[in-house]
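Atom set for the values below is all heavy atoms of this structure, side chains included, hydrogens, waters and symmetry mates excluded.
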Amino acid sequence: MIISSAEPHDVAKLLTFREEAAAWLRGLGSDQWSRPYPADKLLATIEAGTVFMLRDGHTTAGTITLTPDAEDGLWTGEELAEPSMFVNKLTVAREYAGQNLGGRMLDWAGDRAHRAGARWLRLDAWTTNDGLQRYYLAQGFTHVRTVREGTAVNGGPRVSGWLAQRAAQPVADHGFTDRTPAPERLRFAA
């Protein structure tokens, strides 16, 4: 499988991918991703070079967003002073479930964050999705706190405020062919 940067023409695929994941989550009783994500915001993250696609031939097996920018209102000033990168919108196609692609994409993200000079790989997860939270804990993340105040990026009340982090570290082999450009060094990384 190849991991590469998303391109503007991937917006429609990513929106469909998110809708499919939301439908699956609804079947599990979760309201996660029930609000549509604005296409213009998604396009902006693609153009910023922070969205990555995991492809198996012509099939999108997964996607992950990895950015140096934290969502407003989640992390403290002290935490934001530490070199960190943030995972968003990690999604694996249902036909690839059970192959640890999510864990391997997190390893890839931790390696990329480390190469950028980050100390931490951080994320915010759906506040009411206990299964997702357990998944991240099993992937080596530590729960920092849960934030419920504020507004979500796509409108409405904050729903993704379960904060977790793990050390950004090199990974010998995540198993993907990496066709992404080298990460830019974080502005305050040593």
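- A donor-acceptor pair under 3.5 Å is formed between the side chain of Gln133 and the backbone N or O of Thr127.
- Checked by atom type and distance alone, the side chain of Thr91 pairs as donor or acceptor with a backbone atom of Lys89 at under 3.5 Å.
- Between the Thr45 side chain and the Val51 main chain, no donor and acceptor come within less than 3.5 Å of each other.
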Between side-chain atoms of residues 97-110 and protein atoms elsewhere (two or more places apart, or another chain), which donor-acceptor pairs fall under 3.5 Å?
| residue | atom | partner | partner atom | Å |
| --- | --- | --- | --- | --- |
| Asn100 | OD1 | Gly103 | N | 3.4 |
| Arg104 | NE | His174 | O | 2.9 |
| Arg104 | NH2 | Gly175 | O | 3.4 |
| Asp107 | OD1 | Arg166 | NH2 | 3.0 |
| Trp108 | NE1 | Asp178 | OD2 | 2.8 |

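- Take Phe141 and apply the ring pair (Phe, Tyr, Trp, His ring centres under 6.0 Å) test, not counting sequence neighbours, and it matches Tyr136.
- Judged by distance alone, with hydrogens and angles left aside, the side-chain atoms of Asn88 form no donor-acceptor pair with the main-chain N or O of Thr65 at under 3.5 Å.
- At least one side-chain heavy atom of Gln165 sits less than 4.5 Å from a side-chain heavy atom of Trp75.
- In this structure, OG1 on Thr146 lies 7.0 Å from CG on Leu163, to the nearest 0.5 angstrom.
- By the salt bridge (Lys or Arg N to Asp or Glu O under 4.0 Å) test, Arg122 pairs with Glu82, sequence neighbours left out.
- In this structure, the side-chain hydrogen bond (donor to acceptor under 3.5 Å, both in side chains) partners of Arg145, at least two apart in sequence or on a different chain, are Glu79.
- In this view, Ala23 and Arg26 satisfy the side-chain contact (heavy atoms from CB on, under 4.5 Å) rule, not counting sequence neighbours.
- Contact check for Thr177 versus Ile3: no side-chain heavy atoms found under the 4.5 Å cut-off.
- Summarising the geometry, atom CG belonging to Leu54 is positioned 5.5 Å from atom CE belonging to Met1; distances are rounded to the nearest 0.5 Å.
- Under a 3.5 Å cut-off, the side chain of Thr60 and the backbone N or O of Gly62 do not form any donor-acceptor pair.
- Residues meeting the salt bridge (Lys or Arg N to Asp or Glu O under 4.0 Å) test with Asp124, sequence neighbours left out: none.
- Heavy atoms only, all atoms of each residue included: Val92 and Phe17 are closest at C-CZ, 4.0 Å.
- No donor-acceptor pair closer than 3.5 Å links the side chain of Asp10 to the backbone N or O of Lys13.
- Side-chain contact check for Leu66 versus Phe86: every heavy-atom pair is 4.5 Å or farther apart.
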